[in-house]
Amino acid sequence: MDSPHRYWENGTDRDSEANRMVSPPPVLFEARALLFLRQDEPVFGPLDFHLDRGEILLVEGDNGSGKTTLLRVIAGLLRADGGSMHLDGQILDHDSAQGRLLLLAHQLGLKGDLSPLENLRVAVGLHGCREHITPRDALRNVGLQGYENEPVRQLSAGQKKRAALARLLLLPAELWLLDEPFANLDREGIALVNRVIERHAEEGGAALVTSHGAVTFLHGQPRRLRLAS
Amino acid sequence: MRPGSLRAACAAILRRDLLLAWRRRGDIALPVLYALIVTTLFPFALGPDTALLARVAGGVVLVTVLLAMLLAFDALFRQDLEDGSLEQLMLAPQPLALMLGMKILAHWLSTALPLIIVAPVLASMLHLPGEAIAVLVLALLLATPLLSLLGAVLVALTAGTRRSGMLLALMLLPLCVPVVIFAAGAVSAAQTGLPWIAPVAWLAAALALMLVLAPLACAAALRIAIDA
């Protein structure tokens, strides 16, 4: 990247990564001079960064530095005020790219009166499902066996988070946008998130993970994108 | 039905919202109870004059049913906004307007349909003649979805604001008026033996128009509400 704004620093050996992925093209997502304003004040940006297939990018910044806003802009819930986003080298068109992006937000999007299984079935009905996995498998994988039919409202915060993580396992999306995926989770849950993200990267997906800077529980040395407040 | 197809998505949303409504059956019972109480009170207030009751019956039942529907409107999108499922709906690879249309359909099925089922009972309590009851049910079958669609657009427009209930009622009032005029016109025409098909056709035409436009307007309004 020969952009004047180098918000990220290189942490992984990207050459070996690129060699492993011959086709399709390694760059999955790219943001060029991406800018978002609120009342004429920049919330973040202009930002230049890219994300290869099989890569995890850690988005760091203090509270209020625009991490969540960045994810919502990429997801298409907010409109960027400048710059452009590209998916597979094409300008990102949210109407046709829906389903390739998956957002795990603070509000998990689970219905409290429905069970985790019923919630997942709705998600599968909307998005479709990966091969060789059922909602029941996904719940077992995140350690919610025995809670399949409990109303989500009665689960603990960590268990709700796990139910939302099960959606990541099920739905066929390439680019994951994970907003503080480690919040509310115990040690085992943190290991689970790491496992889930790593497997997604091994299968050629990519993930943007936010963290408020103090600690990150991500394994290895992921590339970092630092948002200034 | 392949998961992720349009039909599967429509079925998933419809099924989810009906299931949620069923889990909160008490909320469904409230509008029905309200309609029952109001129509029961009318004969006490007006006196036991059968001819008078029969003359006002159509209007009373119509207005009561439409007002009872108002009670349930506020909840149409609020929960989805709060728990983040609306965001997930927007990120799904399905046309948002169609999914919202399914939500409105589920809302109509769970709030208006029980009211339409009890409407003949309420009307006969007020001595409305049999043939007029049939027209009343027909008018309600067209007027209530129309009101659901109009209401959904307004709920979507006021979704971001606090205490939107009052604003919603004020905005919905002028839109209710033509619906009430045509529906009550059909019932009173049937009661006096006049042809009633014209006002019913007007309701049907308005319903056809709103069936297409209201979900699109809802989708646009909710995208703005999410943006805020």
Side-chain angles (χ1 to χ4, degrees), chain A residues 36 38 68-69 71-81 93-115 117-131 133-135 151-153 160 164 167 170-173 175-177 179, chain B residues 1-28 75 77-103 106 110 159-160 216 219-220 222-228:
Chain A
F36 184 80
R38 192 158 278 157
T68 300
T69 311
L71 293 197
R72 290 170 72 84
V73 167
I74 296 174
L77 293 173
L78 297 173
R79 200 180 294 265
D81 290 293
D93 168 21
H94 282 108
D95 285 330
S96 59
Q98 297 299 38
R100 298 184 64 186
L101 278 63
L102 194 61
L103 175 71
L104 177 71
H106 286 285
Q107 294 164 320
L108 300 171
L110 298 170
K111 285 283 172 200
D113 283 335
L114 300 185
S115 70
L117 200 57
E118 288 163 336
N119 271 301
L120 287 184
R121 284 190 180 137
V122 173
V124 165
L126 281 174
H127 291 257
C129 192
R130 286 178 194 241
E131 283 172 24
I133 188 163
T134 64
V152 164
R153 158 168 55 77
K160 283 178 192 158
R167 193 167 56 212
L170 267 178
L171 305 186
L175 179 57
W176 286 1
L177 308 166
D179 200 3
Chain B
M1 228 166 25
R2 199 166 44 82
S5 69
L6 204 55
R7 273 175 58 194
C10 290
I13 291 298
L14 196 60
R15 195 170 170 277
R16 181 194 73 179
D17 277 25
L18 289 177
L19 198 59
L20 283 170
W22 179 246
R23 296 267 155 94
R24 294 184 170 270
R25 305 189 264 291
D27 293 0
I28 303 180
F77 299 123
R78 194 187 338 110
Q79 253 207 338
D80 282 32
L81 262 172
E82 282 169 4
D83 65 19
S85 36
L86 197 64
E87 284 172 11
Q88 294 297 335
L89 205 58
M90 288 179 178
L91 296 177
Q94 314 291 351
L96 179 62
L98 189 62
M99 297 299 110
L100 295 176
M102 287 298 128
K103 279 193 67 68
S110 58
L216 292 171
L222 286 174
R223 278 192 203 282
I224 295 169
I226 282 277
D227 208 321

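All of these numbers come straight from a predicted model, not from anything done at the bench. Note on naming: letters A, B, ... go to the chains in the order of the sequence lines (proteins, then strands), and numbering restarts at 1 for each one.
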- Item | Pairs of heavy atoms under 4.5 Å with chain A: top-ranked of B/Leu20, B/Leu19, B/Leu96 | B/Leu20
- Among B/Ser85, B/Ala92, B/Pro93, which residue forms the greatest number of heavy-atom pairs with chain A at distances under 4.5 Å? B/Pro93
- Item | Heavy-atom contact with chain B under 4.5 Å, split by part of A/Leu126 | both
- Item | Heavy-atom pairs under 4.5 Å with chain A, option from B/Gly84, B/Ala12, B/Cys10 with the top count | B/Gly84
- Query: So with a 6.0 Å cut-off around CZ of A/Arg153, is the heavy-atom count from everything else above 12?
  - Reply: yes
- Task: Select one option (side chain, backbone, both, neither) describing which atoms of B/Leu81 are under 4.5 Å from chain A's heavy atoms.
- Result: backbone
- Portion of B/Ile13 that has a non-hydrogen atom of chain A nearer than 4.5 angstrom: side chain
- Message: Quick check against the 3.5 Å criterion: does A/Glu118 have a side-chain atom that pairs as donor or acceptor with the backbone of B/Arg16?
- Response: no
- Query: Under a 4.5 Å heavy-atom cutoff, which of B/Arg23, B/Arg15, B/Met90 has the most pairs with chain A?
  - Reply: B/Arg23
- Note on the structure: Heavy-atom nearest pair, A/Leu77 first then B/Glu87, reads CD1-CG, 3.8 Å
- Task: Pick whichever of A/Asn119, A/Leu114, A/Leu110, A/Leu108 has the most heavy-atom pairs under 4.5 Å with chain B.
- Result: A/Leu114
- Between A/Lys111 and B/Asp80, what is the shortest heavy-atom contact and its length? NZ-OD1, 2.5 Å
- Ranking A/Arg121, A/Arg167, A/Arg100 by heavy-atom pairs under 4.5 Å to chain B gives rank one to A/Arg167
- Under 3.5 Å donor-acceptor, B/Gln94 side chain and A/His127 backbone: no
- Atom CG in A/Asp113, atom CD in B/Gln79: separation rounded to 0.5 Å? 6.5 Å
